[in-house]
Asks: 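I'd like to ask you about the structure that follows.
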Amino acid sequence: MKALRHLFGIGPLAPGQIEYLVDLGESFLELSRRPVRKAPTLRGKTIINLFFENSTRTRTSFEIAGKRLSADVINISAQASAVKKGESLLDTAQTLAAMRPHVLVIRHSIAGCCELLADFLPGTAIVNAGDGAHEHPTQVLTDLLTLKTRAGGWRGKTITIVGDIAHSRVARSHLIAAGKLGYAVRLVAPKTLLPADIERYGCEVFHDFDAAIPGSDVLYMLRIQSERLADACAFPSIREYHEAYGLNAARLAAAPEHAVVMHPGPMNRGVEIATDVADSARARILDQVESGVAVRMAVLTALCGGEGEEA
Ligand code: NCD
């Protein structure tokens, strides 16, 4: 595998690199189920999680991933950072890099900020934990590992992504991954929640959810990203949105019998997903969370060069 210096997105990765990270993640699933969940792989490595947006699962799973592999992990949130005192993102990142961490995991609302910062932080590996509406590579690696272990793989499958596509870095990273890895993506959304240039990804687009359900192997539900919705007129009301685009038991029953339900979280029950569907045996949502720790262990290991690497 080509060595990994940074993880900016799915875009820069070769298919073999993606598959390598998923396979390595699968081996870490086993470690995460042992009574003693600790390995020495990243002993002596320092990882800083720098999160400028709210996060439960992504931040926590990076922290657990680092700790499970014996790295020293430091968490910084926007509320607690010097950015609150007027410091720029670049100054904050350069300050932290001067403390010589091996890896800086960044979540920020500016699309492309990780590539930008990397030029100023030589010697620090950067991981994109979500940059605006651009990319969220570790979520897609998480989903791929879940598909591999809990849904019969991804090759030749059709993943139907439903909801706020316009603001979803998860959808964008999936569109890029699908082209590299041989699965198809269908997008389902009202016109107001689709990006203008969507055709260029070569995916099928539906405005009618029911029409997209037959032939779907995965129903992948997205949250309405109200924090990014500038105009409040994307859809008439939550109730109408749920009627038209929510996954309820009747819609799930219309899907092929083997089809599974996924969601990157956080879920809004009663909006994009009905409670009985979220809790059904066909939901893989908590499996995604478990996979998330394992693939982040894989990413950190690949970036740090594994055990015994000193360079
Ligand atoms: C997603 C994100 O932050 O892009 N969540 C996540 O990382 N699990 C999706 C979302 O916020 O709705």
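Numbering of residues begins at 1 and proceeds along the displayed sequence. From a predicted model like this one, the values you see are computed outputs, not experimental measurements. Indexing begins at 1, ligand by ligand and atom by atom, following the structure's order.
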Asks: Taking atom types as modelled, is there a side-chain donor on Tyr220 or Asp143 under 3.5 Å from an acceptor on the other?
Replies: yes
Asks: Please list the nearest protein heavy atom to atom 8 (N) of ligand 1 with its residue and the distance rounded to 0.1 Å.
Replies: Pro264 O, 2.8 Å
Asks: Counting heavy atoms only, which of Ala129, Gly265, Ser168 is nearest atom 9 (C) of ligand 1?
Replies: Gly265
Asks: What is the nearest protein non-hydrogen atom to atom 11 (O) of ligand 1, stated with its residue, atom name and distance?
Replies: Arg223 NH2, 2.9 Å
Asks: Quick one: pull up CG in Leu144 and CD in Glu19 and give me the separation to the nearest 0.5 Å.
Replies: 9.0 Å
Asks: Ignoring hydrogens and angles, tell me if any N or O in the side chain of Ser173 forms a donor-acceptor pair with the backbone of Glu135 under 3.5 Å.
Replies: no
Asks: Counting only N and O atoms by type, is there a donor-acceptor contact under 3.5 Å from the side chain of Lys148 to the main-chain atoms of Glu26?
Replies: no
Asks: Heavy-atom contacts under 4.0 Å between Glu53 and ligand 1: side chain, backbone, both, or neither?
Replies: neither
Asks: In terms of side-chain heavy atoms, does Gln288 have a donor or acceptor partner in Thr146 at a distance below 3.5 Å?
Replies: no
Asks: In terms of atom number and element, which parts of ligand 1 are under 4.0 angstrom from non-hydrogen atoms of His136?
Replies: 2 (C), 4 (O), 6 (C), 7 (O)
Asks: Under a 3.5 Å cutoff, is there a donor and acceptor pairing between the side chains of Arg68 and Ser32?
Replies: yes
Asks: Ignoring angles and geometry beyond distance, decide whether Pro266 reaches within less than 3.5 Å of ligand 1 through its nitrogen or oxygen atoms.
Replies: no
Asks: Less than 4.0 Å is my threshold; does some heavy atom of Gly130 fall inside it relative to ligand 1?
Replies: no
Asks: Establish, yes or no, whether the cationic atom of Arg107 lies under 6.0 Å from the six-membered ring centre of Phe51 and within 45° of the ring axis.
Replies: no
Asks: Would you mind running through ligand 1 and noting each atom that sits below 4.0 Å from a heavy atom of Arg57?
Replies: 8 (N)
Asks: Among all protein heavy atoms, pick the one closest to atom 3 (O) of ligand 1 and tell me residue, atom and distance.
Replies: Arg169 NH2, 2.9 Å
